[in-house]
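Quick note: residue numbers are just sequence positions, from 1.
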Amino acid sequence: MGINLQDWIHEADLVSMQKAMSSGECTSEALVLAYIERIHRYNPLINAILEINPDALEIARNLDLERNTTGSRGPLHGIPILLKDNIDTHDRLHTSAGSIALAESFAPEDAFVAAKIRAAGAVLLGKANMTEWSNFMSNRMPAGYSSRGGYVLNPYGPGKLFVSGSSSGSAAAVAASLTAAAIGTETAGSIIGPASQHFLVGIKPTVGLASRSGIIPISISQDTPGPISKTVTDAAILLGAIVGIDENDKATWTNPHRTFHDYTTYLDRDFLRKTRIGIPRHYYRSLDEERLSIMESAINVLREQGATVIDLVDLHLEQHPWNNDVICYEFKTGLNRYLSKLNSDMPVHSLQDLIAYNQKHAASALKFGQDNLIRSEQNALNEITYQLKRQEYNHPAVTQGIDYVLDQHGLDALMLPGDIDGMYIAARLGYPLITVPAGYSAKGTIDADGDSTQGPFGVVFSGRAFSEPTLISIAYSFEQATLFRLQPEMG
């Protein structure tokens, strides 16, 4: 073969990999083997991957044979993809949400998105480490920590730079080229935050675009899976593979584009010149000087590319905080449903069981406590009071949020900094977000939690429900005008 795979996979994209396999320069088996070798070499430095699929090489061989006999299934045929550890797979991979309580748990069937990825011909390479229970276990738990896997570290500065969000292992693995791409999940910032902090593209789809069936839940109203990759093109390919209608997830029935699966048609290099983009300055206020400079440069890029920029738009939502009662109710209800279906030999089958298990194994399970688990178990809402609280919680976002400001100013999207603060509004409504690399903060500061703000930083584009085509077009146009991504220095 003419390709030195260990060098090539550092920054190779999905399109290049597919071309190499189609031309015979590479096979899926060789590609998977190269990633496994790289995982063994570099994963100990960043702790991004919990386990490798023991069947990955056999799956790849079978896909190579299929390609040679009946042809390729499409752009993901033979491509190694990593899944976050809260996504069920019915194979020899565990699904634990990072908890030692579920360290030996095998899912009874594939999650809907895992089945879609398999059907597209991808190789499920393994499971990514994550913040335990998607960071809904304890208010003291740092991003990237799990009792099963320990700390995820950012390959751009292991142990120094923030990893952000619960899909931190998925992002760190993609950034370090331990996988071609990954699927993460988000409730509020858990795809977008890690992607931004690792110089990656992340898409948090509209709730209902991709099914949550078989994903360990936090919030039925906010959870969604989505792609994490090195380019907007790769993210568009992955998004197209996981969308679909699922009879077991009613949210997917609301998708107005039910038969659409190819988001690569929206990769328009010149799209920015057709757009009006708003700048919600409230969410720029907490940025240090260097990251604010990155955002100002990004605004200049928009203008240079022909976009109409409406500076200083106001979402009127700063006085309406996160409602823990609603999320705790949804977490307790959803987790009890998930745990009740686990195999009988598992030690926990309810949230109450999980709390008791953690207390019994406190030395290993409760490094940072479990106050959110306890708060959720004690939640006293019933279905009626929950619905009233949820309506109260969402009303300001519906009446004064994203749709309101887009309509008020005739905007296509908003541009936010790639930290968590500005993502909660979209999360409350289940609206989409996409992040793209925007610059590197060489100095940064240390925030109140002791996290460094230096390192990779992205911009985030936010739009109304099911506006993924527009957001992908904007992100691709911005990406192609800047090409800010740099790979970490890992060899």
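Side chain of D234 to backbone of D13: no donor-acceptor contact under 3.5 angstrom is found. With hydrogens and angles ignored, the 3.5 Å screen pairs a side-chain donor or acceptor of K230 with a backbone N or O of H10. When atom types are taken as modelled, the side chain of R276 and the backbone of T308 share no donor-acceptor pair closer than 3.5 angstrom. Here the side chain of N43 pairs a donor or acceptor atom with the backbone of I49 at under 3.5 angstrom. Listed for the S340 side chain is a donor-acceptor partner under 3.5 Å among the backbone atoms of N336. Although no hydrogens or angles enter the test, the distance criterion places no donor-acceptor pair under 3.5 Å between the side chain of D85 and the main chain of A128. Put simply, the side chain of S190 never gets that close to the backbone of T187: no donor and acceptor are under 3.5 Å apart. No donor-acceptor pair under 3.5 Å is formed between the side chain of S196 and the backbone N or O of F457. A distance-only check finds no donor-acceptor pair linking the side chain of S168 to the backbone of S164 [under 3.5 Å]. Side-chain N or O atoms of Q305 include none that pairs as donor or acceptor with a backbone N or O of A481 at under 3.5 Å.
Ion pairing between a basic and an acidic side chain is recognised when a charged N comes within 4.0 Å of a carboxylate O; D412 and K274 show no such pairing. Ionic pairing of D91 and R118 is present here: one or more N-O contacts between side-chain nitrogen and carboxylate oxygen are shorter than 4.0 angstrom. For E51 and R148, the salt-bridge test passes: some basic side-chain N is under 4.0 Å from an acidic carboxylate O.
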Can you list the steps and then say if D88 with E109 is a side chain to side chain contact (heavy atoms under 4.5 Å, CB included)? CA-CA 7 Å; D88 283 351; E109 60 184 6; 5.9 Å; no

Assess the residue pair C26 and L5 against the criterion (side chain to side chain contact (heavy atoms under 4.5 Å, CB included)); give the C-alpha distance rounded to whole Å, side-chain angles, the decisive distance to 0.1 Å, and a yes or no. CA-CA 8 Å; C26 175; L5 287 178; 3.9 Å; yes

Step by step, work out the side chain to side chain contact (heavy atoms under 4.5 Å, CB included) result for I434 and Y476. CA-CA 10 Å; I434 185 167; Y476 181 75; over 6 Å; no

Test side chain to side chain contact (heavy atoms under 4.5 Å, CB included) on T206 and N255 and set out the steps. CA-CA 9 Å; T206 305; N255 181 0; over 6 Å; no

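To the nearest 0.5 angstrom, E58 atom CD is 5.5 Å from N62 atom CG. One finds the NE2 atom of H77 at 15.0 Å from the CE atom of M17 (value rounded to the nearest 0.5 Å). Atom CD1 of I87 and atom CD1 of I183 lie 6.5 Å apart (nearest 0.5 Å). A distance of 10.5 Å separates CG of L483 from CZ of F478, quoted to the nearest 0.5 Å. Rounding to the nearest 0.5 Å gives a distance of 8.5 Å between CD1 of I245 and CG of L209. The line from CG of L238 to CD1 of I228 is 10.0 Å long, rounded to the nearest 0.5 Å.
Side-chain atoms of T27 and E29 form no donor-acceptor pair, as typed in the model, at a separation below 3.5 Å. Side-chain atoms of S167 and E186 form no donor-acceptor pair, as typed in the model, at a separation below 3.5 Å. Side chain to side chain, S170 and K84 fail the donor-acceptor criterion of an N or O pair below 3.5 Å. At a cut-off of 3.5 Å, with distance as the only test, a side-chain donor of D246 or S211 sits close to an acceptor on the other residue. Side chain to side chain, Q487 and S177 fail the donor-acceptor criterion of an N or O pair below 3.5 Å. Judged by distance alone, the side chains of T185 and N86 do bring a donor and an acceptor atom under 3.5 Å apart. Between the side chains of K127 and T95, at least one donor N or O sits under 3.5 Å from an acceptor N or O. With 3.5 Å as the limit, one finds no donor-acceptor pair spanning the side chains of T89 and D110. Looking only at atom types and distance, the side chain of S297 has no donor-acceptor partner in the side chain of N300 under 3.5 Å away.
Closest approach of H198 and Y156 over heavy atoms only: O-CE1, 3.5 Å. The minimum heavy-atom distance linking I242 with P227 is given by the pair CD1-CD, 4.5 Å. When all heavy atoms of V163 and N154 are compared, the pair lying nearest together is CG1-N, 3.5 Å. Contact detail for N129 and S146: the closest heavy-atom pair is OD1-OG, 2.8 Å. The two residues A173 and L82 make their nearest non-hydrogen contact at CB-CD2, 3.5 Å. V123 and A56 make their closest contact through CG1-O, 3.7 Å (heavy atoms, listed as atom of the first residue, atom of the second, distance).
Residues I279 and Y284 meet the side-chain proximity criterion, which asks for heavy atoms closer than 4.5 Å. Looking at M415 and I299, their side chains come closer than 4.5 Å, going by heavy atoms from C-beta outward. With a 4.5 Å cut-off on side-chain heavy atoms, L153 and L45 do not count as touching. In this structure the side chain of T179 reaches within 4.5 angstrom of the side chain of V174, judged on heavy atoms. With a 4.5 Å cut-off on side-chain heavy atoms, K19 and E25 do not count as touching. Side-chain contact between I472 and I203 is present, with at least one heavy-atom pair separated by less than 4.5 Å. Proximity of F199 to L486: side-chain heavy atoms (C-beta onward) are separated by under 4.5 Å at one or more points. Residues E330 and I218 have side chains not in contact (no heavy-atom distance under 4.5 Å, counting atoms from C-beta outward).
For E11, the CD atom sits in a packed shell: over 12 heavy atoms of surrounding residues, nucleotides or ligands are nearer than 6.0 Å. With a 6.0 Å radius and a threshold of 12 heavy atoms from other residues, nucleotides or ligands, H90 has its NE2 atom at or below the threshold.
Sorted by first and then second residue, the pairs that involve residues 62-74 and meet salt bridge (charged side-chain N to carboxylate O under 4.0 Å, His left out), not counting sequence neighbours, are E66-R73.
Aromatic ring pairs are classed by plane angle as parallel below 30°, tilted from 30° to 60° and perpendicular above 60°; the pair Y145 and Y151 is tilted. Taking the six-membered ring where the residue is Trp, W133 and F331 present perpendicular rings, their angle passing 60° and hence far from 30°. Ring pair H257/F466 is perpendicular by interplanar angle, where above 60° counts as perpendicular and below 30° as parallel. By the 30° and 60° cut-offs, the orientation of the rings of Y266 relative to Y263 is tilted.
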